[in-house]
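Data block below; observations after.
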Amino acid sequence: MSIEVPIKEPHRDFLDRMMKEHDLSNHQEVVSALVAFASKDDAQANEDIFEYRCVGECYQNDYSAPMEVSDEAIDYLKRMIEEHDLGDYDTEAEQLGKAVRCLINYAEEGDNPKTIFAK
């Protein structure tokens, strides 16, 4: 499924940095790795991940990142939107963007990138 994910500049910077550090070719590959890591059916990990919410101006995103996302990833993100009450947005793209931003916020913490992007 092709989607436009609304993100903020710091999130784009993180995606760019992970592309370079982990030899990934685009933002889509970074987000796919984040979703793959998060969707391992670990309820506690999901609680931890989706507690990382952006603060302030959540409705004002700087960029829209186009990407192809698998149906399984979309289903996972939609389930997390519902389970973690992330649905306070007008469009599905905005809701998916919020879920992706939560993943990025979690991934930025501590040694998380090493774990998430380990090969």
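These values consider heavy atoms only, across backbone and side chains, with no hydrogens, waters or symmetry-generated copies.
Here CZ of Arg12 is found 12.0 Å from OG of Ser64. Values are rounded to the nearest 0.5 Å. To the nearest 0.5 Å, atom CE of residue Met1 and atom CE of residue Met67 are 13.0 Å apart. Put simply, CG on Asp16 and CD on Glu9 are 10.0 Å apart, with the number rounded to the nearest 0.5 Å. Here the CD atom belonging to Glu72 is positioned 9.5 Å from the OG atom belonging to Ser39, to the nearest 0.5 angstrom. With rounding to the nearest 0.5 Å, the separation of NZ in Lys98 from CG in Asp85 is 10.5 Å. Once rounded to the nearest 0.5 Å, the distance linking CE of Met80 with CD of Glu83 reads 4.0 Å.
Listed for the Arg101 side chain is a donor-acceptor partner under 3.5 Å among the backbone atoms of Pro6. At distances below 3.5 Å, at least one donor-acceptor pair connects side-chain atoms of Glu94 with backbone N or O atoms of Thr91. A donor-acceptor pair under 3.5 Å links the side-chain atoms of Tyr76 to the main chain of Ala38, judged by distance alone.
The closest side-chain heavy-atom distance from His27 to Met19 is below 4.5 Å. Looking at heavy atoms from C-beta onward, Ile49 lies out of side-chain contact with Leu34 at the 4.5 angstrom threshold. Side chains of Val35 and Leu103 form a contact here, defined as non-hydrogen atoms less than 4.5 Å apart. Residues Asn105 and His11 meet the side-chain proximity criterion, which asks for heavy atoms closer than 4.5 Å.
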From CA spacing to verdict: side chain to side chain contact (heavy atoms under 4.5 Å, CB included), Leu15, Ile104: CA-CA 8 Å; Leu15 295 173; Ile104 292 169; 3.9 Å; yes

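Scanning both residues, Ala107 and Ile116, for their nearest heavy atoms gives CB-CD1, 3.6 Å. Residues Ala36 and Lys40 share a closest heavy-atom pair of O-CG, 3.5 Å. The minimum heavy-atom distance linking Pro66 with Glu4 is given by the pair CB-OE2, 3.3 Å.
Between Phe117 and Phe14, the ring planes lie tilted relative to each other; the angle falls in the 30° to 60° range.
For Lys78 and Glu82, the salt-bridge test fails: no basic side-chain N is under 4.0 Å from an acidic carboxylate O.
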